[in-house]
Amino acid sequence: MILLIDRATMRFVDVNGTACALLGYSREELLAMGPQDVLPTTREQLAHSYDTLIADPSLQNGMHAYYTCKDGSRLPFESTRRVLRSGDRWIIVAISRDIRRRAAAEAALRESEERYRRTFDLAGSGIAHVGLDGRFLRVNRTLCEVLGYPQEELVGKHVKEISHPEDRDLTDARRSRMHAGEMESARFEKRYLRKDGSVVWVDLTVALARDPEGRPLHEISIMEDITEAKQAESALRESEERWRVTFDMAGSGIAHVGVDGRFLRVNRSLCEILGYAAEELSRLTVKDISYAEDRDVTDERRARMHAGEVDALHFEKRYLRKDGLTVWADLTVSPVRGPDGATLYEIAIFDDITERKEADEALRAAHEELKRSNAELEQFAYVASHDLQEPLRMVSSYTQLLQRRLGEKLDDDAREFMAYIVDGAARMKQLIEDLLAYSRVGTRGKDFKALAGEDILRRALVNLRAAIEETKAEVTHDALPTIEADDVQIAQLLQNLIGNALKFRGADPPRVHVGVVEREGEWELWVRDNGIGIEPQYFERIFMVFQRLHNKGEYPGTGIGLAICKKVVERHGGRIWVDSRPGEGSTFRFTLPKARHH
Ligand code: ADP
């Protein structure tokens, strides 16, 4: 647009076609107007600026503003003004260019900058522009939060100032490669020191902003606070380390075993148990070192474990050490499963039980031997006492015959001696019968069957009826359970204990009570009396064969009753013992297991 203005009249004196077209006025309309009619400036201000130009034409520089077009729209322009003298008139020549496009571009740029500024400020990541001198130029709010500094303190600070001393120069080498154009951006994990001195771990990405010619302008740094993740990581590392040490130091042998049976990891104890180095084991499978006969014993149950039917397995099996010795291991195996439930590997825990196994074996052998010799002894006692009966019968019957036939012919001495022989033979008969009864407990016992306790007690009391009446005894009892036992022997047991309670009575009439209490897996029964009691030093001895505390003059008996009781109780898998105090009565206790124990 070319517009000519008369300074004196402040009116357009000429305008070109472009001016008309752009402003939307006709030439005639424009020539009736002045610049103040289309510019956002007053006539006085304009006049003043024209006068300044007239006084010093060298000031004729560009000027930006907008014209108001006829339709009211604004037309941004850029203009150059010159002054012409025409006679006595001053004419201002304004040459204006339409700059709508540029203005639009500028506005778009401003908008975009605004957008980026907001993004920058609101971003969840810390963002900084760092000058080429390493100082913060701009920082966003998140970065201030991450680093714990207010914005104004951070701007101008050198990044190295707030870096953790150990990480200060970490990024130097790759930064300079980036500056040299060898890489676009670089990523680091490094530590900074917050204003309060605490350490913050940051995931840092650095890129370079360049001008259109490619010269570096500044760095753009994006930082994520990863302190928590780092702490979790190191906690994990620590816990892994703890487990590793536990694994290595454990007294049990521990191995991770692959599904193919290979040792993946083994600990020190396992190496000691098996006599191999860890590195040798890593080339072997479990079967390679299994004792030949035990090689496949675990296969079936292992397969069931892998199929998820059982959680863990427990075996005892033998392995072959490197030195060829056999080692017994107590083995617990459990699977580590993947997300789909398939076994990834097994954890196997080995305990060396060779010593226990050997001791078990020795014990078993000793037990066998003992059983054998006991049976032999029982058999011997039985045979001996059985065979002794015959000659004894001869002694007593012929002595009786002698007594009958020669009775009157014998003198007093001979008759007295004869009486001793008869008496001795009778006692020996009793002893032999007792011994036979004792040996029969083991050899002639009946099978166990379920029995009502009360019935058995009643049977024992029937046999004792005479003694009970004679001593005016009172026998009471708890409700007795059903037990699984040999009825004849248990009746014998109760009869012996109650009989003793009557026999070893004190001055008062005997009061006897049969009690019972249920314990874990067994019944405990007892027979309590108010008799003479027993000194503690005899508590063991009275249960032995022919051991008595009194001579037969005081209390009759052979000392076999309690020995039989003990044998009966032991045959039933129980124990028998006595509690007593002299003068205060005795309590004989015994247990009977609820389950069968043959
Ligand atoms: P015996 O009754 O034939 O002597 P036992 O084996 O039954 O043989 O008893 C061994 C000894 O234990 C008895 O001689 C007696 O001294 C003591 N004894 C057993 N039962 C009692 C009891 N209820 N009170 C006191 N002493 C007892």
Side-chain angles (χ1 to χ4, degrees), residues 378 382 433-505 509-531 534 539 542-543 545 557-558 560-580 585-598:
E378 234 164 38
Y382 178 74
E433 272 170 8
D434 285 354
L435 203 56
L436 258 174
Y438 178 77
S439 68
R440 276 183 181 134
V441 174
T443 54
R444 299 290 156 90
K446 297 201 295 177
D447 279 349
F448 295 178
K449 53 182 191 249
L451 308 162
E454 317 251 346
D455 288 347
I456 304 178
L457 177 63
R458 199 170 309 122
R459 218 183 298 168
L461 293 178
V462 165
N463 293 341
L464 290 166
R465 195 184 301 152
I468 293 174
E469 274 166 15
E470 182 202 324
T471 58
K472 300 190 168 50
E474 180 187 76
V475 181
T476 55
H477 64 90
D478 292 348
L480 298 179
T482 295
I483 51 172
E484 207 161 285
D486 176 330
D487 57 342
V488 175
Q489 291 188 349
I490 298 296
Q492 179 75 56
L493 164 69
L494 288 171
Q495 185 179 329
N496 287 2
L497 292 178
I498 298 169
N500 278 351
L502 303 177
K503 180 162 46 161
F504 299 101
R505 65 180 177 275
R511 280 202 320 279
V512 185
H513 183 77
V514 181
V516 64
V517 65
E518 186 169 5
R519 299 212 186 284
E520 165 121 26
E522 62 184 20
W523 298 105
E524 183 181 314
L525 293 104
W526 64 85
V527 175
R528 172 170 295 143
D529 64 44
N530 60 340
I534 304 165
F539 283 0
I542 54 174
F543 291 101
V545 181
T558 57
I560 202 96
L562 289 178
I564 288 180
C565 291
K566 184 166 150 75
K567 213 162 176 210
V568 166
V569 170
E570 283 173 358
R571 175 163 179 254
H572 284 77
R575 309 175 306 283
I576 184 166
W577 69 101
V578 65
D579 284 333
S580 178
S586 313
T587 306
F588 282 83
R589 297 175 184 278
F590 59 96
T591 62
L592 290 175
K594 289 181 188 167
R596 284 162 162 263
H597 274 283
H598 292 279

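In this chain, residues are counted from 1 in sequence order. We use all heavy atoms of the structure for the numbers below, so side chains are in, but hydrogens, waters and symmetry mates are not.
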Next item on the list: Quickly, which of E518, E522, E484 forms a side chain to side chain donor-acceptor pair (under 3.5 Å) with K594? Name it, please.
Entry: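 With K594 as partner, side chain to side chain donor-acceptor pair (under 3.5 Å) holds for just one option, E518.
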[X]: partners by salt bridge (Lys or Arg N to Asp or Glu O under 4.0 Å), with sequence neighbours left out:
| X | result |
| --- | --- |
| E433 | K429 |
| E469 | none |
| K472 | none |

Does the side chain of [X] reach to within under 4.5 Å of the side chain of [Y], using non-hydrogen atoms?
| X | Y | result |
| --- | --- | --- |
| F590 | K566 | no |
| N500 | V527 | no |
| L525 | L480 | yes |
| T591 | R519 | no |
| R505 | D529 | no |
| L451 | T482 | no |

Distance-minimising heavy-atom pair for [X] and [Y]:
| X | Y | result |
| --- | --- | --- |
| V516 | A479 | CG1-O, 3.4 Å |
| W526 | R589 | CE3-NH1, 3.5 Å |
| D478 | G515 | OD2-CA, 3.2 Å |
| P593 | G574 | CD-N, 4.0 Å |
| V512 | A501 | CG2-CB, 3.8 Å |
| N530 | P510 | OD1-CA, 3.4 Å |

Answer yes or no: is there a donor N or O on one side and an acceptor on the other, between the side chain of [X] and the main chain of [Y], under 3.5 Å?
| X | Y | result |
| --- | --- | --- |
| E524 | V517 | no |
| H572 | D486 | yes |
| D487 | A452 | no |

If I take atom [atom1] from residue [X] and atom [atom2] from residue [Y], how far apart are they, to the nearest 0.5 angstrom?
| X | Y | atom1 | atom2 | value |
| --- | --- | --- | --- | --- |
| I468 | N463 | CD1 | CG | 10.0 Å |
| I483 | I456 | CD1 | CD1 | 4.0 Å |
| E454 | H477 | CD | NE2 | 5.0 Å |
| I564 | Y438 | CD1 | OH | 8.5 Å |
| I498 | R528 | CD1 | CZ | 14.0 Å |
| I534 | T587 | CD1 | OG1 | 9.5 Å |

Checklist line | Identified side chain to side chain contact (heavy atoms under 4.5 Å, CB included) counterpart of F588 within the set L493, I542, N496 | finding: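 So, applying the side chain to side chain contact (heavy atoms under 4.5 Å, CB included) to F588 and each of L493, I542, N496, only I542 qualifies.
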Note to self: Please check if the number of heavy atoms outside R511 that lie under 6.0 Å from its CZ is greater than 12.
What the structure shows: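 Not more than 12 within 6.0 Å, no.
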